[in-house]
Amino acid sequence: MNATLKYPVMGYVKIRLIVKHGYKWLVELIGADLQIEVYEDDFVLDQS
């Protein structure tokens, strides 16, 4: 599932949700080949 960060991380805002851990998600920064953890409040789900 894809989403958009409310605030850019290293210039990237598009993310792919991988795994939920409590209130945080492990996500992939699309285009950067990096994985980070973000809180649920830090992104908005993209419309399908």
Side-chain angles (χ1 to χ4, degrees):
M1 184 179 307
N2 291 344
T4 302
L5 291 170
K6 292 180 180 178
Y7 306 101
V9 174
M10 296 174 45
Y12 295 93
V13 292
K14 294 294 184 182
I15 58 173
R16 182 172 296 116
L17 305 178
I18 300 173
V19 178
K20 183 177 181 180
H21 297 283
Y23 295 106
K24 287 186 173 183
W25 279 86
L26 177 65
V27 303
E28 176 188 352
L29 292 174
I30 296 175
D33 233 8
L34 294 174
Q35 294 180 354
I36 61 170
E37 285 190 337
V38 296
Y39 285 100
E40 291 179 331
D41 295 341
D42 293 337
F43 61 86
V44 177
L45 293 177
D46 291 347
Q47 303 264 344
S48 304

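Model, not experiment: these values are computed from the prediction.
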Taken to the nearest 0.5 Å, the spacing of Ile15 CD1 from Asn2 CG works out to 8.5 Å
Just list the side-chain donor-acceptor pairs under 3.5 Å for residues 5-12, sequence neighbours left out, or say none.
| from | atom 1 | to | atom 2 | distance (Å) |
| --- | --- | --- | --- | --- |
| Lys6 | NZ | Asp41 | O | 3.0 |

- Message: With a 4.5 Å cut-off on side-chain heavy-atom distances among I, L, V, M, F, W and Y, is there a chain of contacts connecting Ile30 to Met1?
- Response: no
In short, side-chain hydrogen bond (donor to acceptor under 3.5 Å, both in side chains) pairs touching residues 18-31 with sequence neighbours left out are Arg16-Glu28, Lys20-Glu40
Does the side chain of Leu45 reach to within under 4.5 Å of the side chain of Leu17, using non-hydrogen atoms?
yes
Output for pair (Ile18 CD1, Leu26 CG), nearest 0.5 Å, gives 4.5 Å
